[in-house]
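Quick note on labels: first sequence line is chain A, next is B, and so on, each numbered from 1.
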Number of protein chains: 2
Amino acid sequence: MTPSNRRITLKDLARELGVSTASVSNAFNRPDQLSRELRQHILSEARRMGYHGPDARARTLRTGRSQIIAVVLAETLTYSLNDAVSSELLTGITEVLDAHGHTLLLLSAGRQPAVRQMPASSSMADGFIVYGLMPGDSLIGELPSHRPLVAVDFHINGQPTVHIDNEPASFAITRHALHQAPKRVGIICLRLATTTVNGRLTAEHEWLSVQSTITRSRLDGYFRALEEYGLSRDDIPLWNIEENIHAVCAPVIEEILDLPAEQRPDLLLCMSDRIALTALTLAEQRGIRVPEDLRLTGFDGIEEGQYRAPRLTTVRQDSIEKGRMAARMVLGLDTPHDRLLQTNLLIGETCP
Amino acid sequence: MTPSNRRITLKDLARELGVSTASVSNAFNRPDQLSRELRQHILSEARRMGYHGPDARARTLRTGRSQIIAVVLAETLTYSLNDAVSSELLTGITEVLDAHGHTLLLLSAGRQPAVRQMPASSSMADGFIVYGLMPGDSLIGELPSHRPLVAVDFHINGQPTVHIDNEPASFAITRHALHQAPKRVGIICLRLATTTVNGRLTAEHEWLSVQSTITRSRLDGYFRALEEYGLSRDDIPLWNIEENIHAVCAPVIEEILDLPAEQRPDLLLCMSDRIALTALTLAEQRGIRVPEDLRLTGFDGIEEGQYRAPRLTTVRQDSIEKGRMAARMVLGLDTPHDRLLQTNLLIGETCP
DNA sequence: CTGAAAGCGCTTACAG
DNA sequence: CTGAAAGCGCTTACAG
């Protein structure tokens, strides 16, 4: 008898039943390799003895495949799990993984720079989806080199990417907003500077490059429309926010809304819906009417912005589809190559 | 030379450097087992040759530990990733796992009953946190039996649980709401019936048992306060909602709000903030004033309900702390035993 | 401090 | 259809 204090193995089971380990393995994995009767016998005895099937740890080493895909997130998991856009991306990824018997391992890159390194278990995954890191991040080099990798919202040398048309989308929403002939336009950026800035951006602040961040592309789109309209980029005040959460957005936006009425922008172009929604709430609290006194545009098209009144005018990006595409490529279901998703303009009441 | 088309292994590296495999392994894992010089030499040569460290697949088989903890979610991942309460739970879990070098594997139980089974990779995990399944779910039996397991919001025979005081919390919020002497009380339940019901619950519908679902405990708390106040539970209309998302809540709530004014409840006790927020939005759209014409209470205390006006009156549960506790127990940092978390009442403007 | 060797629990090509 | 055997890439007790 097998000692009961130890977990039962395939070998134990084979010995107990007087068959080879191959037959037990085949009973679980390749039904065509043995007779129906023997298979049923093995499976029912396995159940009786409390053997739940071959151990994933050994199978993974032997076959070289874990059925696990890792998602590397630039932000902390806390942020990513609570942000509507990352949640949608993960939703699209898991939808495809689920349908193909794979599971999702969450890896966060968002820690103190000093201790940033991939957990040892990262080399467990069969493939990697990397979301929104900075190009050249040293973590990318730590990933196993011979496994499929797909980048989302940024570019890794030689690897396929899924991204959206940030510049044209920002151009389009700005052109729409300018129809109403605003007097004073302001822009609220998301992590645009090379240093940490929560507040007004000045000439002293250096910007990240277009290659480094999608928010720079959004800014370029805003500027193109503003200049086409006859405004100079140097006359547009810019604010920056480092983290796309209410608590960090609020103080910066309060600073803007509390400007004297004749200095306060009457159109705020916001680089995310979270920023725009925070501005909307704070404006309402101050009796600033939206859109009469203040027009607002967002970016992302998250549900929260569409399920309330006034609805947000924003750019809708299909993050679920981004996730699906990335997952299909990493699983080898689609040929790996760069994909560019189209966005569309949602006209709500915050900027009709 | 090692063939360049194959991934380099620890053995290759040892051969190349003329040292034993033990020394290479020790260089990565046990610095005290070899001289500083040899270790540095091995690590720098490893980097030069593109060896990123011992493969997690083999290490896991050898040591029996993967550094992976699996979270088994009752709902689909799509739901769980987008729901504020599950996101908070996951946030608390990942916070602890992160701090201890572990990573999170997401497993969803929420599929068609016919095809429900654990993915093969589930036996990869060192431990399991199971969230909100029904007791007796067959999936629980498929998990490896000798690894730590913690249940959240329900009970698995013989395993530690983290849960909250659903009945007293519901009692307390109802007693608060009754101070205002409402004329007609209604209750909107979450998945209370044994069958699928989106709409009014009648005498024909059977309820789940107190052991099976936390929503039954919430109902019991509501009833206790209502009866103490002098109302009979048979006079209180009950509605049920199957899924805690806006799209499913809305039609049921519309049915309630569109009742003739003299039949419409002026107090709605909702079993989740999502339900209460949907009711709030739909009431506003109809010009029903909250709290003058309709008072609303929620459950959960999610941020979305506190960052808007009027703020929700609700029961705040600390789901992040629930996640932390579950993770600490599954990692063996805390002695496994049942934990009961206290909630607190948040008085907002929807039911002052 | 270093090295030779066993073995974690499987899968799979191969011989019968 | 079945069985004996090799080996996936490591870690670790043990002998030197």
**Prompt:** Is the shortest side-chain N/O distance from A/Ser25 to OP1 or OP2 of C/dC10 below 4.0 Å?
**Reply:** no
**Request:** Find the distance A/Lys11:NZ to D/dG3:C1' and express it as a whole number of Å.
**Result:** 14 Å
**Message:** I'd like to know if the side chain of A/Asp12 pairs up with that of A/Tyr51 as donor and acceptor (distance under 3.5 Å, no hydrogens or angles considered).
**Reply:** no
**Prompt:** Are the charged groups of A/Arg62 and A/Asp55 less than 4.0 angstrom apart, N to O?
**Reply:** no
**Asked** With respect to the side chain of A/Pro54, which nucleotide from D/dT2, D/dT12, C/dC10 is positioned closest?
**Response** C/dC10
**Request:** Please state how far atom CG in B/Asn26 lies from atom P in C/dG3, giving the value in whole angstrom units.
**Result:** 11 Å
**Request:** Rounded off to whole Å, could you give me the CD1-to-C1' distance for the A/Ile42 and D/dG3 pair?
**Result:** 12 Å
**Request:** Could you state the atom-to-atom distance from CG of B/Leu34 to P of D/dG16 in whole Å?
**Result:** 22 Å
**Asked** When the distance from CG of A/Asp32 to P of D/dC1 is rounded to whole Å, what number comes out?
**Response** 8 Å
**Asked** For B/Gln40, does its backbone N or O pair with a side-chain atom of B/Ser44 as donor and acceptor, under 3.5 Å?
**Response** yes
**Asked** How is A/Thr21 classified with respect to the nucleic acid when contacts are heavy atoms under 4.0 Å: base, sugar-phosphate, or nothing?
**Response** base
**Complete:** Mate of D/dA4 across any strand shown (Watson-Crick or G-U wobble, both atom pairs under 3.5 Å) is none
**Prompt:** Is A/Leu61 touching bases, backbone alone, or none of the nucleic acid, heavy atoms closer than 4.0 Å?
**Reply:** base
**Request:** For a side chain to side chain contact (heavy atoms under 4.5 Å, CB included) with B/Val71, tell me which candidate from B/Val152, B/Val330, B/Leu90, B/Leu105 qualifies.
**Result:** B/Leu90
**Asked** Salt bridge between A/Glu75 and A/Arg191, side-chain N to carboxylate O under 4.0 Å?
**Response** yes
**Message:** Using a heavy-atom cut-off of 4.0 Å across all strands, would you classify B/Arg62 as base, sugar-phosphate, or nothing?
**Reply:** base
**Message:** Please compare A/Arg57 and B/Ser23 by the position of their nearest nucleotide in DNA chain C and report the one closer to 5'.
**Reply:** B/Ser23
**Item:** A/Thr63, nearest nucleotide to its side chain (from C/dT11, D/dG3, D/dT11)
**Value:** C/dT11
**Request:** Please report, rounded to the nearest Å, how far the P atom of C/dC8 is from the CG atom of A/Leu10.
**Result:** 13 Å
**Atom-to-atom span, CG of A/Leu38 to C1' of D/dG3 - whole angstrom** = 12 Å
**Message:** So B/Tyr51, base contact, sugar-phosphate only, or nothing? Heavy-atom distance under 4.0 Å.
**Reply:** sugar-phosphate
**Prompt:** In whole angstroms, how far is the P atom of C/dG3 from the CD atom of B/Gln33?
**Reply:** 14 Å
